[in-house]
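FYI, side chains are in, hydrogens and waters are out, and symmetry mates aren't considered; it's all heavy atoms of this structure. In what follows, residues are counted from 1 in the order of the sequence shown.
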Amino acid sequence: MQSSYGRPHGVGGGPDGTAENNEDHGSAHREVRYEDPWYDALASGWGELDGTGAPTPAVPAAREPGEGAAVRARDVYLEVQRSAAFQEVRSRYRRFVMPGVAVFFAWYVGYVITATTAPGFMARPVAGAVNVAMVAGLGQFLTTFLLTWAYSRHARLRRDRAALELRWDTQELTRGVQGGDL
């Protein structure tokens, strides 16, 4: 967006380099207002006047905390987060993911360290032109797919049903808050 350099909008700077005449277009000068909340106020209103003669604020004023429904909806989510069912789902997730990440990371770091510190071992042939490094590298891909399969199976068997029930309960509670039932 170009600056007006102190000129009022609509004076000078026409597309052909000449001054635009608002009367030629049949309408008076209109100020453009943006009602979009994502509009960049710093870039657009920087240094321009707001119509009262005062410079526009660089940052829009913070919104006041909204209606009671928004506050109560937040309380619903906090209540669900503190519930025993939610804590059990998170616990099952952590009991699978933490050891899985640790084992996979140790396997990956072990591969990298072995490749850099023992190149003779990694170059040892296994079968024909296939050496230990190639087998270990393909093993990295295999364990990635194996870990992905194990994660999705664990989620399906141990967490998805409980998480879906929590989601359903949360939806019902927030629907009640929005409808004014709570």
(request) Can you establish whether the number of heavy atoms outside Y93 located under 6.0 Å from its atom OH is more than 12? (result) no
(request) Over all heavy atoms of both residues, which pair between P119 and T116 is shortest? Give the atoms and the distance, please. (result) CD-O, 4.1 Å
(request) Nearest 0.5 Å please: distance from the OG atom of S83 over to the CG atom of L166. (result) 5.5 Å
Side chains of residues 97-108: which donor-acceptor partners sit under 3.5 Å, not counting sequence neighbours?
residue	atom	partner	partner atom	Å
W107	NE1	T143	OG1	3.1

(message) If I take atom CG from residue D160 and atom CZ from residue R167, how far apart are they, to the nearest 0.5 angstrom?
(response) 11.5 Å
(request) Measure the CZ-CD distance between R92 and Q87 for me, rounded to the nearest 0.5 Å. (result) 13.0 Å
(request) Check whether V135 and V112 end up in the same hydrophobic cluster, where Ile, Leu, Val, Met, Phe, Trp and Tyr are linked by side-chain heavy atoms less than 4.5 Å apart. (result) yes
(request) Using a strict 4.0 Å threshold on nitrogen-to-oxygen distance, state whether E88 and R158 make a salt bridge. (result) no
(request) Start with the C-alpha distance between V132 and V126, add both sets of side-chain angles, then the distance that settles side-chain contact (heavy atoms from CB on, under 4.5 Å), and finish with yes or no. (result) CA-CA 6 Å; V132 173; V126 174; 3.9 Å; yes
(message) What's the separation between atom OG1 in T170 and atom CD in Q81, rounded to the nearest 0.5 Å?
(response) 10.5 Å
(request) Hey, could you give me the CH2/OG1 distance between W149 and T144, rounded to the nearest 0.5 Å? (result) 15.0 Å
(message) A side-chain contact here means heavy atoms from C-beta on lying under 4.5 Å apart; do T148 and Y151 qualify?
(response) no
(message) Using the rule given for side-chain hydrogen bond (donor to acceptor under 3.5 Å, both in side chains), can you reason through R95 versus S91, listing the C-alpha separation, both sets of side-chain angles and the distance that settles it, and then say yes or no?
(response) CA-CA 6 Å; R95 281 191 303 241; S91 175; 3.1 Å; yes
(request) Any chance you could measure M122, atom CE, to M134, atom CE, to the nearest 0.5 Å? (result) 11.5 Å
